[in-house]
> 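Pasting a structure below so you can have a look.
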Amino acid sequence: MRTFQRSLVLSAVLALLLIAPTAASALTQTDLDTSYGGTGTVTPALPAVDDKFPVAVQSDGKLVGAYVTTGGAPMAYRLNLDGSLDGSFGTGGKVDLAVLGATGLSIQRVLVAGDGSIYVVGDGSVAGFSRVAIWALTTAGAPRLGFNATGSRLLPVVAASNNNIGDAVLTASGEVAVAADAAPGADTVISLRVVTTTGTVTTDIQKGFAGYDAVPTSIMLLPDGRFVVAASLEGTTDLLSGLMVFSAAGVFDASFGGGGVALFGPPIPLYSVAFKAFNLNGGIGALGMVGYAASAGILTTTGYPIPEIGSNGVSRILPPGASFAFSVDGGAVGSGKFVAVGIVAGVSSLSPYLVRYNPDASADTSFTPGGVTYLPVPAGSSPQFALQPDGKYVIAVRKPDDALSFVRIWGDAPAPQPATVAFSASVKSRQKASKAKRFAGTTGGTGISKVELAIQKVDSKLLKKSKKCTYVKSKSAKLKNYKAVSGKCAPGIWLTANGTGTWSVKLSKALKPGKYVLSARSTGVLGLSSVATKSITLTK
């Protein structure tokens with residue numbers, strides 16, 4: 001009978017000891033990545049943004065961006081994987097680009113080459129004319145002196161006209177292809193130039209369309225080396241959104257679309273804005289605006305619309321609940337799917353959003369029920385999208401106070417599994433106290449940062465008389481009594497284990513004979529996992 005009573009008392013004490021946290025729930029694709037700045041959102045110590053703020057991602061996942069500050073200073077910066085400024089880039093993560101002597105600078109594109117070189121492309125005014133500007137940096141942020149001796153250059157003007165940058169892209173050999181505009185005659189034309197890694201202009205052509213001013217907005221590279229330039233063709237009564245194709249040598253491809261230009265939709269009176277083009281599953285994807293509605297289009301590489309995509313290859317892609325959408329950016333994210341980011345009205349005041357679409361431009365309901373997620377940052381201007389190598393989405397947002405913030409969500413990154421922890425077979429339920437000096441086990445899941453062990457001595461008499469709990473204080477195996485919290489002995493002293501995937505805690509002295517409860521816990525990217533517990537009895 002006494003044995004049965006003692007068992008009841010011991011069971012009650014163990015029930016008080018084994019207080020385990022709840023396991024974390026699985027992540028979804030739109031969840032904030034809390035390893036980024038601790039919350040999923042960071043606002044680095046960068047100067048206020050004046051205008052555009054393009055971003056690019058290096059092969060190691062670090063984000064490189066550039067813009068002109070409200071004080072008129074062009075600068076580049078780089079962020080680490082956790083969203084902090086990268087101190088190995090320039091000075092404190094920032095690089096001053098004010099070396100060209102131009103005024104009124106604007107930055108349009110940041111490019112990262114395969115050798116780690118970074119190119120920043122924009123334009124600025126010199127002697128009354130706007131000229132294309134290119135800065136070349138090393139991976140450390142220093143001027144790459146092999147590029148035009150100084151690491152930067154201004155391209156010569158085309159005729160006596162302004163040359164405003166539309167966009168730039170890197171070729172397979174690391175050259176910079178620039179699409180700008182020029183006005184050598186009555187109409188503004190597309191100026192396509194290719195600049196070598198030493199800063200020399202090779203390809204240099206102009207293409208115009210009678211009765212229209214051609215204003216480029218983006219340039220992309222097809223797998224066969226051809227350039228696709230997206231442009232708005234501004235007539236006296238209409239404005240068209242179109243794509244044109246040039247060969248790798250810069251020759252206009254008149255076979256594309258049957259005449260060299262593929263138009264998105266019928267002519268629209270003065271509200272259409274040219275599309276941004278991107279590679280999409282063997283075709284040409286495009287994002288842009290028709291009036292004040294975000295739209296997407298998909299064409300074949302020969303310039304003809306894919307018939308299942310809306311009207312003439314264009315589909316209106318307003319996020320659910322939005323009355324208008326502005327400032328669309330985005331691109332392909334794999335499996336023929338693509339995302340658009342921008343600002344919407346009608347959900348809340350100018351909400352930044354990210355919406356993902358299937359290859360047929362329908363909302364991807366596997367992403368969210370409506371395919372859209374709204375970002376937890378107030379928007380002041382067009383968000384910019386970047387896809388990291390692991391499949392995470394980073395969105396740069398200019399806030400109303402002109403500060404630049406970044407949001408990272410999981411996107412298509414493999415969802416990490418909750419951290420788990422277990423004891424190895426060497427930790428026996430009954431063993432001699434003289435051998436109880438090392439406790440070990442294993443963990444599961446991803447991104448586990450640490451493992452800890454709590455050792456509690458079961459002393460039913462002490463708990464009953466004085467409401468005290470006995471813990472192993474340190475790896476010297478010293479015991480110390482602590483007051484129970486609400487009559488419970490939850491683990492109170494945690495010893496840091498060695499290792500993570502396989503872990504161990506080695507005491508400098510063996511434990512004394514008695515009954516103990518071991519509690520092991522692992523901490524990972526999802527926070528604290530459920531705690532593994534094991535009861536042991538140590539004999540003389």
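Given the structure is predicted, the values throughout are model-derived calculations rather than measurements. What's counted below: heavy atoms across the whole structure, side chains too, no hydrogens, waters or symmetry copies.
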> Are the side chain of Thr34 and the backbone of Gly38 linked by a donor-acceptor contact shorter than 3.5 Å?
no
> Do any N or O atoms from the side chain of Arg398 and from the backbone of Gly380 form a donor-acceptor pair under 3.5 angstrom?
no
> Any luck finding a side-chain donor-acceptor pair between Tyr119 and Arg144 under 3.5 Å?
yes
> Is the closest side-chain heavy-atom distance between Val394 and Gln388 below 4.5 Å?
yes
> Any chance you could lay out the side-chain contact (heavy atoms from CB on, under 4.5 Å) test for Ile205 and Lys207, step after step, and finish with the verdict?
CA-CA 7 Å; Ile205 66 167; Lys207 177 62 180 177; 5.6 Å; no
> Within the distance-only criterion (no hydrogens, no angle test), does the side chain of Asn162 pair as donor or acceptor with the backbone N or O of Ser130 below 3.5 angstrom?
yes
> Quick one: sort the Phe252 and Phe209 rings into parallel, tilted or perpendicular, breaks at 30° and 60°.
perpendicular
> Looking only at atom types and distance, does a side-chain atom of Asn80 sit under 3.5 Å from a main-chain N or O of Asp82, one as donor and one as acceptor?
no
> Please determine, by modelled atom types, if Gln58 and Arg78 share a side-chain donor-acceptor pair under 3.5 angstrom.
yes
> Less than 4.5 Å apart, any side-chain heavy atom of Leu32 and any of Pro376?
yes
> Using a 4.5 Å cut-off on heavy atoms from C-beta on, say whether the side chain of Glu234 contacts that of Val215.
yes
> Examine the side chains of Thr41 and Thr39 and answer whether a donor and an acceptor come within less than 3.5 Å of each other.
no
> Under a 3.5 Å distance rule, please check whether Ser218 uses its side chain to pair with a backbone N or O of Ala277 as donor and acceptor.
yes
> Hey, are Asp412 and Arg356 close enough for a salt bridge, meaning a charged N less than 4.0 Å from a carboxylate O?
yes
> Any non-hydrogen side-chain atom of Ile165 less than 4.5 Å from a side-chain atom of Val121?
yes
> Under a 4.0 Å threshold between the charged nitrogen and the carboxylate oxygen, would Asp329 count as salt-bridged to Lys276?
yes
> Is there a side-chain contact between Ile118 and Val110, using heavy atoms and a 4.5 Å cut-off?
yes
> Answer yes or no for Lys94 and Tyr77: cation-pi contact, defined as NZ/CZ to six-membered ring centre under 6.0 Å and angle to ring axis within 45°.
no
> For Thr368 and Thr30, test the side chains for any donor-to-acceptor distance below 3.5 angstrom and give the result as yes or no.
no
> Parallel, tilted or perpendicular: which fits the ring planes of Phe338 and Phe278, with parallel below 30° and perpendicular above 60°?
tilted
> Evaluate the side-chain proximity of Leu354 to Ile395: yes if any heavy-atom separation is below 4.5 Å, no if none is.
yes
> Give, for atom CG of Leu105 and atom CG of Asp51, the distance between the pair rounded to the nearest 0.5 Å.
11.5 Å
> Main chain of Asn163, side chain of Asp181: is a donor-acceptor contact present, judged purely on distance under 3.5 Å?
no
> Are the side chains of Thr198 and Phe147 in contact, using a 4.5 Å heavy-atom criterion?
no
> Could you measure the distance from the CG atom of Leu375 to the CZ atom of Phe406? Nearest 0.5 Å is fine.
13.0 Å
